[in-house]
Amino acid sequence: MKSIKENNNNTKNKRAMDLKLLSISSVIILLVIVIAANILFDKLLGGPLTFDFSATHKNSISKKTEEFIDTIPDGTSIRIVGLFDLPASLEHDPLEYIAPLLEAYDNYAGDKIKVEYINPSKYPSIIKELDPSGSYDLKSGYYVVKNGEKIAIVDPYDCFSYDSSYDYAVPTAVLAEYTFSNTINNLLSEKVKHAYFVSGLQEDPGYEMKSILTALGCESKSINVSGDFTIPDDCDILFLNGINADIPESVMLKLDEYIAKGGKVIVSVNYYSNTSEKYENLNKSLAKVNLYIEDCLIEENDPSYVLSADYYESYVDITDEFKGFTDKDQLHSGFPRSIRVCDAPLDYVSTYPVLTTSDKAKAVNVEGGFLQYMNEGKYNIGMYATYDDGNANPEVFVFGTNNLTADSYISGYGYSDQNVLFIRGCVRRMLSIAPEESLDIPSYPVDSHAIDKDRATSTSITVTALIFIAIIPLALIICATVVYNRRKHL
Amino acid sequence: MTAIFKREFLSFFRNPVGYVVIALFSFISGVYFVNMLMNISVDISLEIISLRSFFIIIVPIVTMGLFSEDRKKGTEVLYYTNPITMFDVVAGKFLAAMSLIFVMFINVFIHMIVTKAFGGVVGAGDFGAAIVFFFLAALFVAIGCFASALTDSQIISALLCFLFILVIQMLSTFASFLNSSVSSVLILMNVDSEKANAFGSGLADVISWLDPFVKTQRFRFGVFGVAPLFFCLSMAVFFLYLTFRMLEKKRWSQR
């Protein structure tokens, strides 16, 4: 009897052990399968089974960039190195707009483009590896784009366009793809052009214009009018961008010299920013190319041209000579000055109107009275001048409005606006850049979650707050109390 | 399974737990929503992301009684003696808890409608965040089921579930802590600093790989990936299998 009991116990123990073993081994096997399946899924299908459903497709590269990457020769190896640790969470971080996009570059380009994040505080050797000669001041927090020996540095904050009408930076548009594609394009191109912005004349900062020039393969630098002002020999194009003060005489002489040597200049001024400025020295220089900036404000009186109630924001027509720069025939102009041929024109200079008003425009002076010699008629808001003789021809565009080059306009209207396309066309013409040499990748707006202020009145918000914070939770708590009271004795 | 699901789901509303949990969720989501409304900028995905932090409170309340209560009352024997499989029991209870989470989430759907009515934007990112919410909920409810199957005390079950979710929520923090501490220790042991940092980062990457919050964060930006959802789902299946094994163990236990 005892042996039968022992036998039963042994059988039970054996069965229990078998079950335990089965249980533990099945759990371990399942865990291994789950982990292995996830690793495989991540590696093999993680990329193909990821979709960008965002409204602006901000996480994926555009067709234009794909086509550009396709043109990169095989064997090219471009490294995009973020000199920082990629944060685990991208919430409320500008990298939200950059990191997923760069992954898309990496995924699409294969071996041609490799994106990495290496923090130099942990791996100091990365600085030496990227910049062996130490010519660039590489620092944490930036992206470095490297092709062979050539390096370009991209600040993540440069991947946005900002509204400059605030005291603080308010991002309005995302330029991440625009910036990176054009940086790579510039690194691959043989020759980089140089644009110089004259500073110290209460000018527009020109951040947006510099970004546009980068896309055209131009490196931008500033030269201040104070001290020993010289225009560098490598200057391919000179900008007097939204200046509100006249140039000093020393600058005038250098500018004359630069123009005489066949320099390319873009000048933009308007009337609104400095009504009393007559630009006497600048006009003396411009007289070398037969141009003159008027001291008057153009008032548009044709209703089909007027954009705002004060007549000073209006459409301007693009003349036939320059129509190919954009798809449209008209651009936006704001508080413009008129540009005309100077009083004693030189016979070897040719001038062309670029932007014109309607026939019903009027010129007014600062007091609001009509100028006697300029009544109703067509005015030039932009003019172009060059020499006829064919050797070392200078080219000068003068615009009486800042709406083509100013940060406030470009950040508000974006890089796909007609004014921006037009100024790009002007630069391309001056620097002889073929359209296919630059990548016009459109920007897109930063995600906005704003609601309609007219609908979200204080009353409607109060009612909504009352419903969601008080009435619904309270009603549910009352239900809970009733249920509890009814069932507590069961 | 339908019978189990029905019984469990209705049981949430036959005692105050279901109402209290929904009231709590409504209040918290309402506070977030109204706060955004007052700022004239409503980002529903941000609300959903913020609500994910409350899984640590809500899921233990929802799941604490799923198995432990039956065990305490002795009604679990009904599952063993009735012609149903343990799979039906686990799946039924899991789906009941998920349904309660869905009922809670109706609040957020109402917020979406109100946002549209106020002229706001409800986009792919918001729906992505909602999808992730449910997949994460599935993972945490499965963990809650497992915690509930471990003990016959609802309090201990809730505490265990709380701890499991806390550990998962802290994975990123833990990974970065481990990264810096391991690197520092190795550097102190005269290991080359770059090699030490590489080892620390590798370790941190392995731990971060297990973090479902990091894996799913890009849904909010409109990036829909199947791999992160597969991760949540497969982990949920694993924890449900653990629950199933726990019940099977009790079924065939000698004591």
Side-chain angles (χ1 to χ4, degrees), chain A residues 12 15-16 19-20 23 26-27 30-31 34 37-38 41-42 45-46 49-55 57-59 85 88-91 96-97 100 119 122-125 447-456 460-461 464-465 467-470 472-477 479-481 483-484 487, chain B residues 13-16 19-20 22-24 26-27 29-31 33-34 37-38 40-43 49 107 111 114-115 117-121 123-125 128 172 175-176 183 193-194 197 201 208 211 214 217-218 220-227 230-231 234-235 237-238 241-242 245 248-249 252 254:
Chain A
K12 276 183 184 175
R15 198 183 64 185
L19 278 171
K20 207 172 187 175
S23 191
S26 67
V27 167
L30 183 66
L31 183 63
V34 164
N38 273 289
F41 208 102
D42 254 359
L45 300 169
L49 289 181
T50 301
F51 310 97
D52 180 11
F53 289 140
S54 59
H57 296 287
K58 63 180 177 184
N59 307 298
D85 287 321
S89 169
L90 299 176
E91 305 287 334
E96 167 190 336
Y97 293 93
N119 189 342
K122 290 182 188 167
Y123 305 96
S125 64
D447 295 343
S448 168
H449 300 282
I451 53 173
D452 188 347
K453 280 182 188 168
D454 295 336
R455 290 191 224 174
S460 60
I461 291 175
T464 313
I467 293 169
F468 288 121
I469 298 180
I472 295 177
L474 267 179
L476 287 160
I477 293 294
C479 285
T481 316
V483 168
Y484 176 74
R487 300 183 70 91
Chain B
F13 299 98
R14 285 189 189 121
N15 66 57
Y19 297 102
V20 170
I22 299 173
L24 185 68
S26 304
F27 178 75
S29 60
V31 168
F33 181 64
V34 169
L37 267 184
M38 284 172 169
I40 315 290
S41 173
V42 181
D43 182 355
I49 298 264
N107 275 292
H111 294 171
V114 175
T115 305
F118 278 137
V121 181
S172 282
S176 89
S183 309
S193 73
E194 294 206 353
N197 282 320
S201 304
S208 295
D211 188 343
V214 170
Q217 63 160 324
R218 292 197 183 166
R220 203 208 134 206
F221 310 135
V223 182
F224 285 62
V226 180
F230 179 74
F231 176 82
S234 58
M235 283 299 175
V237 168
F238 173 70
Y241 182 73
L242 280 182
R245 290 275 22 133
E248 282 284 293
K249 182 182 165 251
W252 302 110
Q254 288 172 318

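We use all heavy atoms of the structure for the numbers below, so side chains are in, but hydrogens, waters and symmetry mates are not. Letters A, B, ... are given to chains in the order of the sequence lines, protein chains preceding strands, and every chain is numbered from 1.
Contact count versus chain B (heavy atoms, under 4.5 Å) is highest, among A:C479, A:A37, A:A470, for A:C479. Between chain B and the options A:N59, A:L45, A:D52, the largest number of non-hydrogen pairs under 4.5 Å is found for A:N59. Each of A:L30, A:L474, A:T481 has some count of heavy-atom pairs under 4.5 Å with chain B, and the biggest count is that of A:L30. Chain A forms the most heavy-atom pairs under 4.5 Å with one residue out of B:G30, B:S193, B:P16, and that residue is B:P16. When each of A:V27, A:I477, A:I472 is scored by its heavy-atom pairs under 4.5 Å with chain B, the top score falls to A:V27. Interface summary for chain A: among B:I22, B:I40, B:V223, B:V214, the most heavy-atom pairs under 4.5 angstrom belong to B:I40. If you tally non-hydrogen atom pairs under 4.5 Å between each of B:A227, B:S208, B:S172 and chain A, the highest count goes to B:A227.
Using a 4.5 Å cut-off between heavy atoms, B:L24 does not touch chain A at all. At a 4.5 Å heavy-atom cutoff, the contact between B:A117 and chain A is made by backbone atoms alone. Residue contact with chain A, scored on non-hydrogen atoms closer than 4.5 Å, involves the side chain of B:L242 exclusively. Contacts between B:D43 and chain A at a heavy-atom distance below 4.5 Å involve backbone atoms as well as side-chain atoms. Neither the backbone nor the side chain of B:S183 comes within contact range of chain A; no heavy atoms are under 4.5 Å apart. Both the backbone and the side chain of B:V42 have a heavy atom closer than 4.5 Å to some heavy atom of chain A.
Considering all non-hydrogen atoms of both residues, A:V34 and B:S234 come closest at CG1-OG, 3.7 Å. Heavy-atom minimum distance, A:K122 versus B:E194: O-CG, 3.9 Å.
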*Show your reasoning for whether side chain to side chain contact (heavy atoms under 4.5 Å, CB included) applies to A:V483 and B:F13.*
CA-CA 8 Å; A:V483 168; B:F13 299 98; over 6 Å; no

_A:I469/B:F27 under side chain to side chain contact (heavy atoms under 4.5 Å, CB included): CA gap, chis, key distance, verdict_ = CA-CA 5 Å; A:I469 298 180; B:F27 178 75; 3.3 Å; yes

*I would like to know whether A:I451 and B:L37 meet side chain to side chain contact (heavy atoms under 4.5 Å, CB included); could you show each step before the answer?*
CA-CA 8 Å; A:I451 53 173; B:L37 267 184; 3.5 Å; yes

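Taking the side chain as every heavy atom from C-beta outward, A:I467 and B:V34 never approach each other to under 4.5 Å. You'll find the side chain of B:V226 reaches within 4.5 Å of the side chain of A:F41, heavy atoms only.
Contacts of A:S26 classified as side-chain contact (heavy atoms from CB on, under 4.5 Å), with partners at least two apart in sequence or in another chain: B:Y241, B:R245. Applying the ring-ring contact (aromatic ring centres under 6.0 Å, His included) criterion to B:F33, with sequence neighbours excluded, gives A:F468, B:H111.
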